[in-house]
Amino acid sequence: MPLPEPGFVLVDLPPVPAALLDSYGDLPSADGSGHRGPFRVSMSWTADDDWFFEVDGARATAGRRAAAARPFASGLTTLLRRLLGGPWLDVSADWHIDTHQLRTVVAPGAPVRVSLPRLDGCELLLFAVVRQEGVAGGGPRLVRTGEPEPCREVEPPPVRALLADCRAVTQGLCELRATGPLPGVQDLLVGLVSRHSAGAASAAA
């Protein structure tokens, strides 16, 4: 089922598993902000009329403590199942989701424009605010196909996630700004959703 106009939908964000939330605390960082990814999750429809998820263990566990790797993978697939299990994906196709974790720390009076991973080749963008404390803004800027200027800036609240047609998303986000006298923080889970193909499998190898 295609996404409704203008190419995005907001979906309810279920409770984020604790292991996934905790994993943002050990992102590689020099100033509090950090990024880890991509790590690939495969998604296939089964004979039981349900989605099967498989995490690329080598990528997902890179840089993580061994004791945290399995709970992280379980928490990630649990959240993806809830967010992507709606009518938006073709069940006759196999899919992969290149997922990224981004933490941004914002000082008062110093707004930050967060950059998305490159969207080349993906069909859908998943943009989930899994934690947000003392900041506002930072949502994707959407454009209609064939138009040069953004038509809308979407700022998903922490209890919702955005699923958008990648063709309608610009590379930059609107500014993320601190709302109080202390630094604020935003943790994002970004997923680039694409149909599985032999070419994509070779590129990921």
Contacts of Thr104 that satisfy side chain to side chain contact (heavy atoms under 4.5 Å, CB included) - sequence neighbours left out: Ser33, Val106, Val112, Val114, Leu176
Under 3.5 Å: donor-acceptor pair, side chain of Ser42, backbone of His96: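 Not confirmed, Ser42 side chain does not pair with His96 backbone.
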Test item: Thr99 side-chain N/O and Phe39 main-chain N/O as donor-acceptor pair under 3.5 Å: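 Flag set: sc Thr99 to bb Phe39 pair under 3.5 Å.
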ILVMFWY network linking Val41 to Leu89, side-chain heavy atoms under 4.5 angstrom: yes
Transitive ILVMFWY side-chain link Val91 to Leu126, under 4.5 Å: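 Yes.
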Flag side-chain contact, heavy atom, 4.5 Å: Glu123 against Val193: no
Close side-chain approach of Leu83 to Pro14, heavy-atom, < 4.5 Å: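 In short, these two side chains touch, coming nearer than 4.5 Å.
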From [atom1] ([X]) to [atom2] ([Y]), nearest 0.5 Å:
{"X": "Arg36", "Y": "His100", "atom1": "CZ", "atom2": "NE2", "answer": "13.0 Å"}
{"X": "Arg103", "Y": "Gln186", "atom1": "CZ", "atom2": "CD", "answer": "11.0 Å"}
{"X": "Trp88", "Y": "Asp165", "atom1": "CH2", "atom2": "CG", "answer": "12.5 Å"}
{"X": "Leu20", "Y": "Leu79", "atom1": "CG", "atom2": "CG", "answer": "6.0 Å"}
{"X": "Thr179", "Y": "Glu133", "atom1": "OG1", "atom2": "CD", "answer": "10.5 Å"}
{"X": "Leu125", "Y": "Leu192", "atom1": "CG", "atom2": "CG", "answer": "6.5 Å"}

Pairing residues for Asp50 by the salt bridge (Lys or Arg N to Asp or Glu O under 4.0 Å) criterion, not counting sequence neighbours: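 If we apply the salt bridge (Lys or Arg N to Asp or Glu O under 4.0 Å) test to Asp50, skipping adjacent residues, the hits are Arg81.
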Salt bridge (Lys or Arg N to Asp or Glu O under 4.0 Å) partners for Asp12, two or more places apart: Arg160
Transitive ILVMFWY cluster of Leu182, excluding itself - 4.5 Å side-chain cut-off: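 Grouped by the 4.5 Å side-chain rule, Leu182 forms a cluster of one, so the answer is none.
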Side chain to side chain donor-acceptor pair (under 3.5 Å) involving Ser44 - partner list, sequence neighbours excluded: Asp94
Qualifying residues under side chain to side chain donor-acceptor pair (under 3.5 Å), relative to Ser92, sequence neighbours excluded: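 Side chain to side chain donor-acceptor pair (under 3.5 Å) list for Ser92, sorted by chain: Asp90.
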Verdict with supporting geometry, Leu188 and Val129, side chain to side chain contact (heavy atoms under 4.5 Å, CB included): CA-CA 5 Å; Leu188 295 178; Val129 182; 3.8 Å; yes
Pairs flagged by disulfide (SG to SG under 2.5 Å) wherever residues 81-136 is involved - sequence neighbours left out: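 Qualifying pairs, neighbours excluded: Cys122-Cys166.
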Qualifying residue, where the test is ring-ring contact (aromatic ring centres under 6.0 Å, His included) with Trp45 and the options are Trp95, Phe52, Phe53, Trp51: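 The residue from Trp95, Phe52, Phe53, Trp51 that satisfies ring-ring contact (aromatic ring centres under 6.0 Å, His included) with Trp45 turns out to be Trp51.
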Full working for side chain to side chain contact (heavy atoms under 4.5 Å, CB included) between Leu84 and Leu163: CA-CA 9 Å; Leu84 297 175; Leu163 191 60; 3.8 Å; yes
